[in-house]
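What follows is a set of notes on a single structure, which appears directly below.
Throughout, numbering of the chain's residues begins at 1 and tracks the sequence.
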Amino acid sequence: MSFPLLTATAAVPALGAVATAAVPAARRAAARWLALGFSLATLVLAAVQLARFDTASKTPFQFTESHAWIADFGVRYELGVDGIAVVLIGLTALLVPFVVLAGWHDADPLETSSRRWRPTQGFFALILLVEAMVVIAFEATDVFVFYIFFEAMLVPMYFLIGGFGDRAGPHTEAEAAGRRSRAAVKFLLYNLVGGLIMLAAVIGLYAVTAHQLGEGTFSLTRIVEARAAGRLDIATTTERALFLGFFFAFAVKAPLWPLHTWLPGAMTEATAPVAVLITAVVDKVGTFAMLRFCLQLFPDASRWATPVVLGLALVSILYGALLAVAQKDIKRLIAYASISHFGFIVLGIFAMTTQGQSGATLYMVNHGISTAALMLVAGFLIARRGSRLIEDYGGVQKVAPVLAGTFLVGGLATLSLPGLAPFISEFLVLVGTFSRHPVLGAVATVGIVLAALYVLVLYQRTMTGPVAEPVRGMPDLRARELVVVTPLVVLLLVLGIYPKPVTDVLDPAVQHTMSQVHKGDPAPDVRVSDARVKDARVNDVEAAK
C-alpha cells in the first residue's frame, strides 16, 4: 500500500492529543468534542484495516511499513499487523470513544476552597495519547520500537490515575489526592521495573544477533526467519534468560499473579473511564506481547517455562476470583475479577493448543467489551450515589431499571453466561487446556463458579431488595450514558451468538504462532478396550446376517 495506514491509525489520536491540549482553557466543551472527533476518526481507520485485512494471506504481517531509523544500531521503524493485532487495534479504537463519552464531565473544574482545577483539555489529550501509544505497540514488528511505546504509555496513564481520580467516598480532598498519588506511583514503579528488566533482555537479544548474524537487529521478522533458516541458534541458557526478561515485563502489564498488586489500587482510585482504559486496553498489550514476542522469539524457552506459567495462571484465576468474592468496594471487585480473567487468557496462551490460543485471543476482545460495559455502568451508579461501597446501595432496580438491567448484562457477561460474548472464549480456553492438561482445566473451572458467586451477590446487594434511603430519587441512565452502554450490550449479544467474523480473522495468526513455537494439538484419545472391539465385531456380524 502506498498510503501508510498503520502510521495514520496511530498518528490521528496523537495529533488529536496535541490539538485537544491546545484548546483555550475556557472552551472545555470544544475540547470534549474535538477529542471525540479524533477518536471516531481513529475508529474509521481501524475499521479500514479490518475491512482490507486478507484472512487468506500466507504472509505473517500485512500493511507493512519499514524505514531506516537508527541505522547504526539496527533500529528500523517497522510496522505490520497480523489477525490478532488488527482485532485488538479495532477493540482499542472502539472503546476509546465510549471512554471519552463516559468521562464527559470527569475532568470538570472542582469548586473547592483550595480552588484546585482539573484541566479538561489535559484529561482528554492524555486519553488520546494513550490510544496512540497502544495502537503503535500493537503494530510494531521491531522490538526496540515496541519497547519505546510499551514504556512511554506509562507516563500519560500515571497522570490520568494520579491527577483525575475518583471523587466518590468519604475522604477529604487531601486524603483522596494522597490515595490517588500512591496508586499512580505504584502503577508506575511496578511497570517501570518490568520495563527495565525487559530493556536488558532487548539489549541481550541485539548482542546475540550481532554476534551470529554479523549485524545486530531488532526486527522480529528477520530474527524469526534467521532462526527458521538455521542462521541464528541461541544457546539454551541465553534463550531462557532472554525469555524471562521479556515475560516478566509482560506479566506485570498483564497483570499476572504475583505481579498484579498495582491493579486494584489503580482501578479503584482512577475514574471509571480511566479504569476501563487500564484493564480493557493497556493491559491487553501484555498478553498480546506474550504471543507476538515470547512465543515467536523464544519458542524453546516458552515450552520450557510452560508448566510454571500455567501454574501462575491457575493461581491468578482462583486468587482473583476469591478476593473478588470478599470485596466491599464495587470497583475493587471488578479489578480482582479482571485479574482472574487475565489468568484465563494466559492459561489459554500457554496451553499450547489451537483451541486454547484461539480462546485466549478472543477472550482479550470479549473481556475488553464486557469489562467496559460493567465498569462504565458501575461508574454511572457510583457518580449518582457518591459511594463505591456495596453496602450503601439496595433496590436500585426499582428506581433506575435501565441502569440495573445494563448492570446485570455486564455482570452476566463477566461470569461468562452462555449467549454472551465471553462464554465462547472461556469455553475454548478450557477445551484447549483440557486436551493437554486435564487436571489444570478441571481446577480452572472453579473460577467460573466463583465468578457466578461474586457477580450475583454484587447484583443482589446493590440492585434488589428494599430501596435504600439515599438511592430514592436516583435518576436512570441519561441519553449520553445510553449511547455509551447500548452498543457494548449489543456487541456482547452479537459476539455471544455469532463470533465467527472475529475468529476468522484471529485463527490464521494463531496457526502461525503455533507453527513458530513448533507445537501441535494433542491427538485425541480414541483407545477402546478389547472387549468393546469384540462386541462391536459381533454386532457387525449379526447386522450383516
Side-chain angles (χ1 to χ4, degrees), residues 32 36 94-106 108 166-168 267 271-277 279-280 329-331 333-334 337-338 366-423 451-452 454-497:
R32 298 188 193 101
L36 181 60
L94 174 71
L95 291 180
V96 169
F98 297 134
V99 167
V100 171
L101 279 172
W104 205 245
H105 296 293
D106 284 357
D108 286 350
D166 195 343
R167 303 178 186 181
M267 287 186 65
T271 64
V274 173
V276 170
L277 203 62
T279 190
D329 184 303
I330 297 173
K331 291 172 69 177
L333 183 152
I334 299 173
S338 289
N366 293 337
H367 171 264
I369 299 171
S370 62
T371 299
L374 182 60
M375 178 59 84
L376 292 178
V377 177
F380 298 149
L381 177 69
I382 292 168
R384 284 161 165 76
R385 173 64 179 84
S387 173
R388 298 193 300 261
L389 297 179
I390 298 173
E391 63 186 17
D392 289 341
Y393 295 87
V396 174
Q397 68 178 12
K398 295 183 176 67
V399 296
V402 177
L403 189 153
T406 52
F407 189 85
L408 178 61
V409 173
L412 293 178
T414 298
L415 64 82
S416 299
L417 183 76
L420 296 175
F423 167 75
Y454 62 70
V455 168
L456 295 178
V457 169
L458 171 64
Y459 183 83
Q460 180 188 30
R461 291 180 178 176
T462 56
M463 301 296 165
T464 65
V467 179
E469 190 60 34
V471 171
R472 295 185 186 277
M474 176 181 287
D476 213 335
L477 291 182
R478 303 179 179 92
R480 173 178 57 84
E481 296 165 339
L482 284 172
V483 170
V484 171
V485 174
T486 303
L488 297 174
V489 171
V490 171
L491 277 174
L492 289 173
L493 293 169
V494 171
L495 293 180
I497 297 170

Practice task
Output, in order, the C-alpha distance, side-chain angles, deciding distance and verdict of side chain to side chain contact (heavy atoms under 4.5 Å, CB included) for V484 and L477.
Solution key: CA-CA 10 Å; V484 171; L477 291 182; over 6 Å; no
Practice task
Kindly state each residue pair satisfying side chain to side chain donor-acceptor pair (under 3.5 Å) with at least one member in residues 374-383, sequence neighbours excluded.
Solution key: none
Exercise for the section: Measure the CG-OG distance between L420 and S370 for me, rounded to the nearest 0.5 Å. Expected result: 9.0 Å
Handout entry: Criterion side chain to side chain contact (heavy atoms under 4.5 Å, CB included) on L374 and V455, from CA distance to verdict
Key = CA-CA 10 Å; L374 182 60; V455 168; 5.7 Å; no
Fill in the blank from the handout: Residue pairs meeting salt bridge (Lys or Arg N to Asp or Glu O under 4.0 Å), one or both in residues 402-418, sequence neighbours left out, come to none
Problem - Identified side-chain contact (heavy atoms from CB on, under 4.5 Å) partner of V485 from the options L488, V483, L482, V489 - result: V489
Problem - Gap separating the CG atom of L381 from the CZ atom of R388, nearest 0.5 angstrom - result: 13.0 Å
Exercise for the section: May I ask you to test the V471-V399 pair for a side-chain heavy-atom distance under 4.5 Å? Expected result: yes
Exercise for the section: For R385, enumerate each residue passing the side-chain hydrogen bond (donor to acceptor under 3.5 Å, both in side chains) test, keeping only those at least two apart in sequence or located in another chain. Expected result: none
Exercise for the section: Give the intermediate values and the outcome of side chain to side chain contact (heavy atoms under 4.5 Å, CB included) for residues T371 and V276. Expected result: CA-CA 7 Å; T371 299; V276 170; 5.7 Å; no
Problem - N366 CG to L495 CG distance, which is reported to the nearest 0.5 Å - result: 6.0 Å
Exercise for the section: Look at the side chain of T279 and the backbone N and O of A275, then say whether any donor-acceptor pair between them is shorter than 3.5 Å. Expected result: no
Problem - Sequence neighbours excluded, every pair satisfying side chain to side chain donor-acceptor pair (under 3.5 Å) that has a member inside residues 392-404 - result: S387-D392, Q397-Y459
Practice task
May I ask you to test the L333-Y454 pair for a side-chain heavy-atom distance under 4.5 Å?
Solution key: yes
Handout entry: Any donor-acceptor pair under 3.5 Å from R32 side chain to W104 backbone
Key = yes
Completion exercise
Looking only at heavy atoms, the pair that brings V467 and G395 closest together is CG2-O, 3.6 Å
Exercise for the section: Could you check V396 against M474 for side chain to side chain contact (heavy atoms under 4.5 Å, CB included), going step by step and ending with a plain yes or no? Expected result: CA-CA 8 Å; V396 174; M474 176 181 287; 4.1 Å; yes
Exercise for the section: With the side chain counted from C-beta on, respond yes when L492 and P422 share a heavy-atom pair under 4.5 Å apart, and no when they do not. Expected result: yes
Exercise for the section: Examine distances only and state if a side-chain atom of R461 and a backbone atom of E391 form a donor-acceptor pair shorter than 3.5 Å. Expected result: no
Handout entry: Closest approach of A372 to L95 (non-hydrogen atoms, all atoms of both residues)
Key = CB-CD2, 3.9 Å
Completion exercise
Rounded to the nearest 0.5 angstrom, the CD-CG distance for E481 and L403 is 7.5 Å
Practice task
Mind listing the closest non-hydrogen atom pair of S416 and F423 along with its distance?
Solution key: O-CD1, 3.5 Å
Practice task
Find the distance between CG (L493) and CD1 (I497) and round it off to the nearest 0.5 Å.
Solution key: 6.0 Å
Fill in the blank from the handout: Value for CG (L412) from CZ (F407), rounded to nearest 0.5 Å, stands at 10.5 Å
Fill in the blank from the handout: For residues 464-474, the side chain to side chain donor-acceptor pair (under 3.5 Å) pairs (sequence neighbours left out) are E469-R472
Handout entry: P401 side chain reached by D476 side chain, heavy atoms, under 4.5 Å
Key = yes
Completion exercise
Sequence neighbours excluded, the answer for side-chain hydrogen bond (donor to acceptor under 3.5 Å, both in side chains) partners of T406 is none
